[in-house]
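Accompanying notes for the structure given below.
One-based numbering along the sequence shown.
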Amino acid sequence: RLAYVTVSHWGFDDRPHTGELLIGAEHAAGVVEVFERLFDARFPIEQMRIVRPDELDAPPTGDQNVTGALVCRQVVGGSGSWSMHAIGEAIDINPFHNPYVRGDLVIPELASAYADRDDVRPGMILEGGVVVQAFDGIGWRWGGRWSGLTDPMHFSTTGR
């Protein structure tokens, strides 16, 4: 029930690139539509690819800054439940530029400078911006709107 999709995106080098995602098949058309809007807006994405199994156990430093969808893992925080990424119903975009923040915890670890959402730089996802509008347009929910913690890299079908 997964689909392999390739989409064009602009890199931080101001050149077009092709990225790949594994996503729930029923969401593939909408996700392609989102990335068409991001491409038209020239929103920069550092890299987009399928994460290798050996990368799942690497420290979350953010060195790779990979935009991706399907990752078979549990939710951050150890609740024991599966992430929406594990079923192809979530996408993280530019995780280094849009880190998960809960109190003093910042993931990726080296991305704390991007926890300040008022210091706007290329690749950051902001309320009212093209990325949030594009995902709102297909009914996906944004982790940047959560309370108690924020996860501005994260978009999912359910808001989890």
With a 4.5 Å cut-off on side-chain heavy atoms, are [Y] and [X] touching?
X    : Y    : value
E26  : E89  : yes
D92  : Y100 : no
T18  : M48  : no
I125 : F135 : no
Y114 : P152 : no
L38  : H9   : no
F39  : V7   : no

What are the two closest non-hydrogen atoms of [X] and [Y], and how far apart are they?
X    : Y    : value
A3   : A28  : CB-CB, 3.9 Å
G88  : L2   : CA-CD2, 4.3 Å
L21  : V31  : CD1-CG1, 4.0 Å
P122 : F12  : O-CE2, 3.5 Å
G159 : W146 : O-NE1, 3.1 Å
I45  : N94  : CA-OD1, 3.4 Å

Does one hydrophobic cluster hold both I50 and V71, with members joined at side-chain heavy-atom distances below 4.5 Å?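 No, because I50 and V71 fall into different hydrophobic clusters, even though each may have its own neighbours under 4.5 Å.
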
Same apolar cluster: F155 and V32, side chain cutoff 4.5 Å: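 They do share one cluster, since a chain of ILVMFWY contacts under 4.5 Å joins F155 to V32.
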
From [X] atom [atom1] to [Y] atom [atom2], the distance as rounded to the nearest 0.5 Å:
X    : Y    : atom1 : atom2 : answer
I91  : F35  : CD1   : CZ    : 4.5 Å
T157 : I23  : OG1   : CD1   : 8.5 Å
E33  : I138 : CD    : CD1   : 7.0 Å
D118 : M124 : CG    : CE    : 8.5 Å

Report the residues that fulfil side-chain hydrogen bond (donor to acceptor under 3.5 Å, both in side chains) with T150, sequence neighbours left out, ordered by chain and then residue number.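 Partners of T150 under the side-chain hydrogen bond (donor to acceptor under 3.5 Å, both in side chains) test: none.
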
Which pairs, with at least one residue in residues 122-144 and sequence neighbours excluded, count as a side-chain hydrogen bond (donor to acceptor under 3.5 Å, both in side chains)?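 For residues 122-144: E127-R145, D136-R145.
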
Does R42 pair with D14 as a salt bridge, N-O distance under 4.0 Å?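 Salt bridge present between R42 and D14.
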
Are W10 and F43 close enough that their ring centers fall under 6.0 Å?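 W10 vs F43: aromatic centres not under 6.0 Å.
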
For a side-chain contact (heavy atoms from CB on, under 4.5 Å) with M153, tell me which candidate from V131, N98, I107 qualifies.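 Exactly one option meets the side-chain contact (heavy atoms from CB on, under 4.5 Å) with M153, and it is N98.
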
Tell me if the CG atom of D119 is crowded by more than 12 foreign heavy atoms within 6.0 Å.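 Buried by this count: over 12 neighbours within 6.0 Å.
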
Can you tell me if R121 has over 12 outside heavy atoms packed within less than 6.0 Å of its CZ?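 Atom CZ in R121 is packed in, count exceeds 12.
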
Describe, in one word, how the ring planes of H154 and H85 are oriented to each other, choosing from parallel (under 30°), tilted (30 to 60°) and perpendicular (over 60°).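 Because their plane-to-plane angle is over 60°, the rings of H154 and H85 count as perpendicular.
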
